[in-house]
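In what follows, chains are A, B, ... by sequence order, proteins preceding strands, each numbered from 1.
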There are 2 protein chains.
Amino acid sequence: MAMKALSKATIYQVAQLAGVSIATVSRAMRDSDLVTEQTRERVLAAAKQLRFTPSRAGRSLAEGRHAANGIVFPDLVGPYYAEVILGYEATAAGFGSSVLILATGGRTDADAAVRELATRVDGLTVMGQTVSDEVIAELRLPVVLLARDPVPGVDTVRAQNARTARSLVEHLLGHGHRRFTFLGDPAGSPDVRGRYDGVRAGLKRAGVEPADLVPTKGFDLEAGKEAAKALQPGTAVVCANDELALGVLLAAEEAGLRVPQDLAVTGWDDLLAARFAGLTTVRQPMRELGATAARWLNRRITDDMPAAARRRVLATQLVVRRSCGIHSPEVHR
Amino acid sequence: MAMKALSKATIYQVAQLAGVSIATVSRAMRDSDLVTEQTRERVLAAAKQLRFTPSRAGRSLAEGRHAANGIVFPDLVGPYYAEVILGYEATAAGFGSSVLILATGGRTDADAAVRELATRVDGLTVMGQTVSDEVIAELRLPVVLLARDPVPGVDTVRAQNARTARSLVEHLLGHGHRRFTFLGDPAGSPDVRGRYDGVRAGLKRAGVEPADLVPTKGFDLEAGKEAAKALQPGTAVVCANDELALGVLLAAEEAGLRVPQDLAVTGWDDLLAARFAGLTTVRQPMRELGATAARWLNRRITDDMPAAARRRVLATQLVVRRSCGIHSPEVHR
DNA sequence: TTGAAAGCGGTACCAT
DNA sequence: ATGGTACCGCTTTCAA
């Protein structure tokens, strides 16, 4: 007994079984009117019996659209990207759009992968450090940039970096810190560069000597621990993200340095771990970033008129805990 | 001047420009042989000039495959799923397969969404508590189950739950704990049920009275804090995951309870935060789970012969820190 | 080596 | 209200 039934049913088979044309089947399964209720029932019954599901490829070809869009990101390590993508997926789903993901991290053929992805979707959201502007420019479909420097004519959604970094510096200055180190590679991502710029601006404005820049090779715990070796006691270490900062915390403990007395440390992202490590950091609206990108992309795909490129910078928020300096009675958690 | 150039080029236009048939274009862009080097060059030049990229829909329809597969998961909150998906994507990419994601959390039409997804891919990986076995059974394509109870005839990849949970209990017993509470909803996911079963088995074997079951409505920090209200001092609280445990830790601190003296707490997942909270927990090979699923799915898609269903349980590892009880000199981090 | 043409599985226009 | 049919863009025989 062969399992013939396993092969997918086509619209032709449904039409035959229902005794109608394929056009009628197509209508019955989509348009409300233009088909007798009686006919529709017959068609639906046949479709059910055959377990018919319209072929996505056939549809896409005929409709000239994929009903899907993609998001390109560097990596998925740490909760940051995951949260962004979740916000993205949820919003895209609301528009009836499937989501394809592409992590460029650790890939040598990122450009090719993005081009290939571009053939499967109606639009693309491109995050941070993934592919060059050139690749993006030659993409022939709607694009939204996320956490990335703007490109003329392309929508861009970002989180506040420089300004909040300045606030962070001011807070540290308030603690009496005068020696600063920035940990992380500003060339590693636009976000990090923004944060670094903000730190420099804040120090300059206060007339304090510029921060030492200690580039890291990555943005994870290990990179932080490694980089911490070069740190001088009595320094305020502003880290590009929480994981680096947590690495520094670990290294400091091993080295017997007290935080914040011997070393002040701050992060960025407000991961769950930051709360338990007592790490002063900056919170970003991650889901909202993803949701906004998805919304804008959908608009680009749907709209006919080529509206002017939009840009938005979502606010971020300083979260003060104990790693940045001794605070008065208030308990920060 | 209309931007005609923006419309996508088709194989016909390339053929015309190169002065050959579409068949030749198709060959030139794929097969190595069967085409003169000279012809190929001409075709590639034309393709380049027109910025031609084969239509994915056209291809899929002709080839009868999508070169894509999907993964269905409950949610993306917390690093757990993100890690699994990252491992999955990386491996799938190695097979030249794109990845579509679908989060069923907070969706009322999960079944329909999964069915729709099934039309866009060559195979599907389905995680934990997302859709019913019935839906999976009626799917007419290769499926791999991840962190989910096996279904006859379907490949399943899971992480060790019960056994490590027993080890965890034994460790707690070693600390002298005799009153246990399990925090989390065993009905909420197969993983959690496995952990609960392991705890019960461990206690039963030791002749200790069964653990109190305190179901939570979710698996996040808030749920943990909320549930903590019902906890009695002097109890060992085994939580279904780290976030719940961290919530308990927070609540304990607020209530002035010392951990582990007044309350022993354990989690599951070994999130980054667990390390900083000193939380005893269990580490899972998250990326490896995803990678294995992707590998198996690819095999199902590629292989012709319907091999017997495979099952694998990946090992997990107890990570002892200070929340479970007072340890001797060793410092656990 | 190359071309003509038959699908692949739908959608939608044009008749009837 | 329904059917016939021309696409949608590509792959792959089958001939030449």
Side-chain angles (χ1 to χ4, degrees), chain A residues 6-44 46-47 50-68 96 115-116 118-122 140-141, chain B residues 6-44 46-47 50-68 96 115-116 118-122 140-141:
Chain A
L6 259 176
S7 53
K8 271 136 190 165
T10 74
I11 198 172
Y12 290 91
Q13 305 175 34
V14 177
Q16 184 172 25
L17 180 58
V20 298
S21 75
I22 61 165
T24 298
V25 174
S26 181
R27 291 185 193 110
M29 306 210 61
R30 180 164 329 80
D31 310 322
S32 308
D33 5 298
L34 288 92
V35 166
T36 316
E37 192 51 40
Q38 207 175 18
T39 313
R40 176 194 311 288
E41 278 175 23
R42 208 141 39 87
V43 170
L44 293 183
L50 264 36
R51 295 178 169 231
F52 168 68
T53 321
S55 143
R56 188 60 240 180
R59 249 190 199 248
S60 292
L61 192 52
E63 294 180 339
R65 64 184 222 106
H66 299 277
R115 292 201 188 91
E116 137 72 12
T119 68
R120 319 181 151 264
V121 298
D122 301 320
R140 304 296 195 62
L141 79 175
Chain B
L6 259 175
S7 54
K8 271 134 191 166
T10 74
I11 198 172
Y12 290 91
Q13 305 175 33
V14 177
Q16 184 172 24
L17 180 57
V20 298
S21 75
I22 60 167
T24 299
V25 174
S26 179
R27 292 187 190 108
M29 306 209 61
R30 181 166 327 78
D31 309 323
S32 309
D33 4 298
L34 289 92
V35 166
T36 317
E37 193 51 39
Q38 207 176 18
T39 315
R40 178 195 309 289
E41 278 175 24
R42 209 141 38 87
V43 171
L44 293 184
L50 264 35
R51 293 177 171 232
F52 169 67
T53 321
S55 142
R56 187 62 240 180
R59 248 187 201 247
S60 292
L61 193 51
E63 293 180 337
R65 64 184 221 107
H66 300 277
R115 291 200 188 92
E116 136 73 13
T119 68
R120 318 181 151 263
V121 298
D122 302 320
R140 301 298 194 64
L141 80 175

Say whether, by atom type as modelled, one donor and one acceptor occur between the side chain of A:Thr10 and the main chain of A:Tyr12 under 3.5 angstrom. yes

What heavy-atom pair brings B:Thr24 and B:Val35 nearest, and what distance separates the two atoms? O-CG2, 4.4 Å

Between A:Ile11 (CD1) and D:dT5 (C1'), how many Å, whole number? 13 Å

Please list, chain by chain and in numerical order, all residues satisfying side chain to side chain donor-acceptor pair (under 3.5 Å) with A:Arg65, sequence neighbours excluded. none

Residues touching DNA chain D, which here means a heavy atom under 4.0 Å, drawn from residues 15-24 of chain B: B:Ile22, B:Ala23

Using a 4.0 Å heavy-atom cut-off, does B:Thr119 contact any base of the nucleic acid, only the sugar-phosphate backbone, or nothing at all? nothing

Whole-Å distance between C:dT1 C1' and B:Arg27 CZ? 8 Å

I need the CD-P distance between A:Gln13 and C:dG9, as an integer number of Å. 8 Å

Using whole Å, what does the distance between atom P of nucleotide C:dT2 and atom CD of B:Glu37 come to? 11 Å

According to salt bridge (charged side-chain N to carboxylate O under 4.0 Å, His left out), who are the partners of B:Arg40, at least two apart in sequence or on a separate chain? B:Glu37

Report the residues that fulfil side chain to side chain donor-acceptor pair (under 3.5 Å) with B:Ser60, sequence neighbours left out, ordered by chain and then residue number. B:Arg56

Please state whether the phosphate of C:dT11, meaning OP1 or OP2, lies under 4.0 angstrom from any side-chain nitrogen or oxygen of A:Ser26. yes

Indicate yes or no: at least one non-hydrogen side-chain atom of A:Thr53 is less than 4.5 angstrom from one of B:Arg115. no

Quick check: does any side chain N or O of A:His66 sit under 3.5 Å from a backbone N or O of A:Thr119, one acting as donor and the other as acceptor? yes

Euclidean distance, A:Arg120 CZ relative to B:Ser55 OG, rounded to 0.5 Å: 11.0 Å

Using a heavy-atom distance cut-off of less than 4.0 Å, which residues of residues 54-65 of chain A contact DNA chain D? A:Leu61, A:Ala62

Rounded to the nearest Å, what distance is computed from the CG atom of residue A:Leu50 to the P atom of nucleotide C:dG9? 13 Å

Taking the side chain of B:Thr39 as its heavy atoms from C-beta onward, which of D:dT13, D:dA1, C:dT1 lies nearest to it? C:dT1

Ignoring hydrogens and angles, are the base of D:dC8 and the side chain of B:Tyr12 linked by a donor-acceptor pair under 3.5 Å? no

Suppose we call a contact any N or O donor and acceptor under 3.5 Å apart; does that hold for the side chain of A:Arg30 and the base of C:dG10? no

Quickly work out the B:Glu41 CD to C:dT1 C1' distance and round it to whole Å. 16 Å

Could I get the full list of salt bridge (charged side-chain N to carboxylate O under 4.0 Å, His left out) partners for A:Arg59, not counting sequence neighbours? A:Glu63

Residue mapping more 5' on DNA chain D - nearest nucleotide basis, A:Arg42 or B:Phe52: A:Arg42

What's the NE2-C1' distance between B:His66 and C:dC8, to the nearest Å? 12 Å

